[in-house]
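Remarks on the structure that follows.
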Amino acid sequence: MKSRTFSPYVPRPATLVSKSPLSELVTLYEFVLDNGKNLAHKPGQFIMVSIFGVGEAPFSISSAPIKESNVFEIAVRKIGTVTKALSELPVGAKAGIRGPFGTSFPVHEFVGKDTLLVAGGLGYIPIRSLLHYQLRHRQEFGRISVLIGTRSPRDRIFIDQIEALAKGGDVEVLETVDMPDANWKGNVGVITTLLPKAGVEPQNTHVAMIGPPVMYKFVLRQCREMGIPSERIWVSLERRMKCGLGKCGHCQINSLNACMDGPVFRYTDIESLEEAI
Amino acid sequence: MTAYTVQMEQLPGLLAAWSTQCQVHVPVSLDNGFYDFGPWRPGTEIAFEYDVAYNPLKRFFMPPREDMVVFDLETYSAKPVFAAPNILLFGVHPYDVKAVTQLDQLMESGSVDQNYFSRRDATVIFALTPMAVSETAFWASVGADKVDQGYDLYWTKIGPGTFHVEIGSGKGEELLLAAGPLSPATAGSREAARKAQVRARNLGLRRKLNYDWHETPHVMGRSWNASLWHRKAEKCLGCGSCNTVCPTCYCFDIREEVDEKLKTGHRFREWDGCMLNGFALVAGNHNFRPQASERYRHRYMRKGKYIFDKIGELGCVGCGRCVRACTSKIADPCEIFNTLWEESRHEI
């Protein structure tokens with residue numbers, strides 16, 4: 001028998017270096033790997049985060065890859081056992097990290113082109129990784145438009161950063177909420193109501209979208225109506241990921257595995273798959 | 001191919017020799033006509049004429065529950081676990097060998113599953129030409145009546161007390177000759193083995209697909225909206241028995257437990273099944289396959305198309321275990337594939 005010493009199932013220890021609330025239920029966590037190494041992820045990828053004794057769950061990375069920094073971020077909504085344990089984790093405590101896993105947004109294809117980023121709800125978390133990458137290399141990209149749709153104003157995350165972005169002029173930011181409160185003065189309605197306002201040049205634009213399952217069909221239809229070619233539309237699809245290695249079967253989308261073939265797919269690669277959108 | 005002739009009376013000596021090196025498992029008769037693989041000990045009666053082992057062999061390479069990682073909560077360190085006893089499986093039917101070779105390919109593709117191969121590499125497989133066929137089997141019609149790889153020895157009973165044994169690997173030959181030299185196979189014994197294999201195939205064709213199995217992915221590709229999925233799934237209890245007994249199903253969940261002092265723990269994988277309601281459930285209670293018919297369809301798409309697209313083989317070896325295990329009598333791949341093929345012929 002060949003001797004085996006490496007297992008992709010063994011998490012690497014990491015330390016929680018900061019946590020800050022983003023909304024009532026969503027918290028931003030900053031980690032560093034204990035070996036001091038850079039996570040070396042790409043925008044759109046995800047990691048499996050372990051809290052020993054509780055379990056493991058997949059989370060999108062929300063920070064841009066930065067060579068000079070070994071800090072990486074996830075933003076997590078408290079909704080299950082692992083996320084609850086994570087919310088109770090004090091700064092300085094350990095967690096286990098596997099990954100990064102999966103495909104990423106092909107930023108090299110976006111170079112010189114306009115980018116339309118469409119984020120529904122928590123979809124802004126992985127979109128933010130791409131957006132911040134593009135902002136760090138701002139001169140390489142054309143116009144960047146970010147559309148953000150949230151259920152209600154109190155569910156908005158990264159509010160200060162997004163407002164600063166909107167004012168900064170580097171990117172165009174359009175926001176909407178489905179259910180406004182008395183103080184909301186912005187756009188009301190589903191995210192598709194923002195697309196006509198974005199002033200997209202269809203022949204020069206790449207689209208990256210992430211949101212709740214119900215969002216994709218409508219945004220895709222509108223993109224096509226606007227004349228954006230399907231091969232320049234990128235979608236990140238959520239599924240239940242347990243192993244991250246294309247084996248456990250939970251994240252299958254027809255014959256593809258979201259954990260390895262995705263989560264980021266070129267739309268033309270999945271448009272014929274009945275289970276994708 | 002090198003082959004030998006082995007007499008029945010030589011077997012106890014061989015089994016005794018093998019059992020000094022590995023855990024030897026052989027087909028044995030359980031109650032009321034059920035057979036399964038069980039550990040061999042001197043005196044164990046081998047059920048050479050078994051029709052199908054109740055449990056699939058995947059349990060030897062990917063046990064129902066298998067530790068993957070042990071961790072220490074105080075130091076926050078973790079180590080891999082690679083458990084792999086030396087095992088010899090004697091008397092494995094070709095369709096089960098085929099199922100194992102499929103698992104080998106699927107576990108090797110992409111990220112190699114080291115835990116699987118720890119166990120697989122420590123396992124020796126001695127195949128056996130079937131002498132009886134389960135009433136629910138249809139393996140001969142899906143190309144699983146004979147295999148040319150995946151075994152270390154291939155045994156065929158050619159007389160009341162005589163076996164023809166083909167060598168599949170150096171390890172197999174070494175084990176075969178462990179108790180002393182054997183007679184090389186003659187032309188006559190080779191011909192007798194060929195005839196026994198033809199007989200097995202003919203027996204195995206009592207139930208069959210009504211078309212060439214290579215067409216299955218095309219049939220499945222046209223059947224996404226077939227009414228059959230709903231008709232069958234109406235009776236599905238969602239118990240996952242078909243997944244559990246299937247030799248090519250390998251989906252799993254990952255869970256963990258800690259000791260009572262909360263100091264150490266272990267993370268394990270355990271069999272899961274796509275027919276279970278929560279299989280595609282994500283946080284926030286969104287289920288990507290909420291309907292039983294969607295889960296039912298997914299399972300057959302996986303057997304008939306998705307696995308085929310990956311490895312060029314039907315992901316069902318026709319063992320018929322699921323037919324017998326299903327309490328609702330809706331899990332019969334032979335019937336499903338034939339019905340969909342018949343329906344697809346009438347599509348305009």
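Heavy atoms only: backbone and side chains are in, while hydrogens, waters and symmetry mates are out. In this text the structure is predicted, and so the values were computed from the model without any measurement. Quick note on labels: first sequence line is chain A, next is B, and so on, each numbered from 1.
- The backbone N or O of A:S63 lies less than 3.5 Å from a partner atom in the side chain of A:S129, making a donor-acceptor pair.
- Interface remark: A:I79 contributes side-chain atoms only to the contact with chain B (heavy atom separation under 4.5 Å).
- The distance from atom CD of A:E274 to atom CG of B:N225, rounded to the nearest 0.5 Å, is 7.5 Å.
- Using a 4.5 Å cut-off between heavy atoms, A:V82 does not touch chain B at all.
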**Asked** Going through the checks in order, is the side chain to side chain contact (heavy atoms under 4.5 Å, CB included) test met by B:T123 and B:L89?
**Response** CA-CA 7 Å; B:T123 303; B:L89 302 173; 4.0 Å; yes

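- Heavy atoms closer than 4.5 Å to chain B are found in both the backbone and the side chain of A:N254.
- B:I307 does not touch chain A: none of its heavy atoms, backbone or side chain, sits under 4.5 Å away.
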*Stepwise side chain to side chain donor-acceptor pair (under 3.5 Å) test for B:T248 and B:K303*: CA-CA 8 Å; B:T248 65; B:K303 300 294 157 197; 2.9 Å; yes

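- Chain B forms more heavy-atom pairs under 4.5 Å with one residue of A:R77, A:E56, A:K247 than with any other, namely A:K247.
- Among B:E257, B:K305, B:R289, the residue with the largest count of heavy-atom pairs under 4.5 Å with chain A is B:R289.
- The parts of B:Q114 that come within reach of chain A are both its backbone and its side chain, each placing non-hydrogen atoms under 4.5 angstrom from that chain.
- Contact tally against chain B (heavy-atom pairs below 4.5 Å) for A:P212, A:P213, A:A57, A:G96: the top residue is A:P213.
- Ranked by heavy-atom pairs shorter than 4.5 Å toward chain B, the options A:S255, A:C248, A:G249 are led by A:C248.
- For B:S77, the part lying near chain A is the backbone, with the side chain staying farther off; criterion is any non-hydrogen pair under 4.5 Å.
- B:R120 does not touch chain A: none of its heavy atoms, backbone or side chain, sits under 4.5 Å away.
- In terms of heavy-atom pairs under 4.5 Å with chain A, the best-connected choice from B:M301, B:R255, B:M107 is B:M107.
- Options A:G55, A:G80, A:P13 differ in how many heavy-atom pairs under 4.5 Å they form with chain B, and the most are formed by A:G55.
- With a 4.5 Å cut-off on side-chain heavy atoms, B:Y300 and B:P333 count as touching.
- For A:C243, the parts sitting under 4.5 Å from any heavy atom of chain B are the backbone and the side chain alike.
- Considering only heavy-atom pairs separated by less than 4.5 Å from chain B, the leading option among A:M260, A:R12, A:Q252 is A:Q252.
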Q: Could you check A:M48 against A:I97 for side chain to side chain contact (heavy atoms under 4.5 Å, CB included), going step by step and ending with a plain yes or no?
A: CA-CA 6 Å; A:M48 301 295 299; A:I97 305 291; over 6 Å; no

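- Most heavy-atom pairs under 4.5 Å with chain A, from the set B:V282, B:D259, B:V258: that is B:V282.
- Proximity to chain A is absent for every atom of B:L262, based on heavy atoms less than 4.5 angstrom apart.
- Most heavy-atom pairs under 4.5 Å with chain B, from the set A:P58, A:S50, A:G244: that is A:S50.
- Cation-pi contact between B:R65 and B:W271: absent, since separation from the ring centre below 6.0 Å together with deviation from the ring axis within 45° is not met.
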Any chance you could lay out the side chain to side chain donor-acceptor pair (under 3.5 Å) test for A:S18 and A:E30, step after step, and finish with the verdict?
CA-CA 5 Å; A:S18 87; A:E30 286 190 322; 2.7 Å; yes

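- In this structure, A:R240 forms no cation-pi arrangement with B:F288, as its terminal cationic atom is not both closer than 6.0 Å to the ring centre and no more than 45° off the ring axis.
- With ring centers used as reference points, B:Y151 lies 6.0 Å or more from B:F126.
- Ring geometry, A:Y124 versus A:F158: the interplanar angle falls from 30° to 60°, so the pair is classed tilted.
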